[in-house]
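Basis for what follows: all heavy atoms, side chains included, without hydrogens, waters or symmetry-related copies. Each chain gets a letter, A, B and so on, in the order the sequences are listed, and its residues count up from 1.
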There are 2 protein chains.
Amino acid sequence: MSIAGDLIRGHTDAIILARLMQADSYGYEINKIISTLSAGRFELKEATLYTAFKRLEEAGCIASYWGDSGAGARRRYYTITPAGREASHRLLGEWRETKQIMDKLLETEE
Amino acid sequence: MSIAGDLIRGHTDAIILARLMQADSYGYEINKIISTLSAGRFELKEATLYTAFKRLEEAGCIASYWGDSGAGARRRYYTITPAGREASHRLLGEWRETKQIMDKLLETEE
DNA sequence: TCGAGATACCTTGACAGCCGAGGTATCTTG
DNA sequence: CAAGATACCTCGGCTGTCAAGGTATCTCGA
């Protein structure tokens, strides 16, 4: 991975929820979307992803159901809950704030 | 802290090195500068900060020396090394990349 | 003079998230 | 029927954060 995992640590939930705001999805697909959108530079490891799913489901942010697979093994789909939408919105706000502050702290030449 | 620590996890080193690129400094001061520049929304805890100093010194990115204090207790000043400058530059690049990718992953409305 | 408060540094142990490694099951295709 | 893609899951180690607690120095006011 070109970008160290710790750089996205703490953003994992935000990324997953943002995906589920678009549409229901499942682990394997979310992983590929992230990889595609980031041109391969972000890559959530499976263990990380499933840990996050479990965490988010326990927190009531997402719910899951077994769905049909077009091809391949069975899929566990995740859908976002109202609490998840709220969390997603909050996390997006936090990201924007983080971005501003980090820029202030790192970009010293104006 | 309004911004969870995990959000800046992985950026701590970059923040510290960026500070030391400006001038030699010491723990207590760096902490206050970060707090000030972020309007109190980022706040590295002391334990975190000193852990980071130790890590960066062992990695050869910074060096330290005891300096005079104008008022108060003795201070351990840190200065950035050539390796630290390199690391700082690299981390800044990674931050810019992270920012772009995160925006792609989170900001869905164009 | 002496105690409070600011300055300043440091360590320990608990905790949480990331991930390497390994495992299971299903479906398609040759 | 074997190989490879799809798809899910767990365990254990590692690393960074932080609450809590500790030490020492200096200033200033009562």
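- In this structure, the CD atom of A:E43 is 12 Å from the C1' atom of C:dG20, given to the nearest Å.
- Nucleotide D:dC8 holds its P atom 9 Å from the OH atom of A:Y77, rounded to whole Å.
- When the side-chain nitrogen and oxygen atoms of A:R74 are compared with OP1 and OP2 of D:dT6, none of them lie within a distance under 4.0 Å.
- A salt bridge (charged side-chain N to carboxylate O under 4.0 Å, His left out) check over residues 51-64 of chain A, counting only residues at least two apart or in different chains, returns the pairs A:D13-A:R55.
- Whole-Å rounding puts the B:K45 NZ to D:dG22 P distance at 21 Å.
- Taking atom CD1 on A:I16 and atom C1' on C:dG17, their separation rounds to 12 Å, with Å as the unit.
- A search for side chain to side chain donor-acceptor pair (under 3.5 Å) contacts involving B:K32 returns nothing, not counting sequence neighbours.
- For residues 78-89 of chain B, every residue pair satisfying the side-chain hydrogen bond (donor to acceptor under 3.5 Å, both in side chains) rule, not counting sequence neighbours, is listed here: B:D24-B:T79.
- Contact check, B:Y26 against C:dC9: no side-chain N or O comes under 4.0 Å of OP1 or OP2.
- When all heavy atoms of A:A18 and B:L106 are compared, the pair lying nearest together is CB-CD2, 3.7 Å.
- Per the geometry, CG belonging to A:N31 stands 12 Å off C1' belonging to C:dC19, to the nearest Å.
- In this structure, the side chain to side chain donor-acceptor pair (under 3.5 Å) partners of B:E29, at least two apart in sequence or on a different chain, are B:S25.
- Rounded to an integer number of Å, the gap from NZ of B:K32 to P of C:dA6 is 11 Å.
- For a distance-only test at 3.5 Å, the side chain of A:E46 fails to qualify as a donor-acceptor partner of the base of C:dC19.
- Look at CZ on A:R76: it is 15 Å from P on C:dT26, rounded to the nearest Å.
- OP1 or OP2 of C:dG17 has not a single side-chain nitrogen or oxygen of A:T12 nearer than 4.0 Å.
- The phosphate of D:dA7 has OP1 or OP2 within less than 4.0 Å of a side-chain N or O from A:R75.
- Ring geometry for A:W95 against A:H11 counts as perpendicular: the plane angle is over 60°, on a 0 to 90° scale with 30° as the lower cut.
- Among the heavy atoms of the strands, none lies under 4.0 Å from B:E29.
- A:E46 is linked by a side-chain contact (heavy atoms from CB on, under 4.5 Å) to A:Y28, A:N31, A:Y50, counting only residues two or more places apart in sequence or in another chain.
- Rounded to whole angstrom, the span from the CZ atom of B:R9 across to the P atom of C:dA16 amounts to 12 Å.
- Of the residues in residues 47-55 of chain B, B:A47, B:T48, B:T51, B:R55 come within less than 4.0 Å of DNA chain D through at least one heavy atom, sorted by number.
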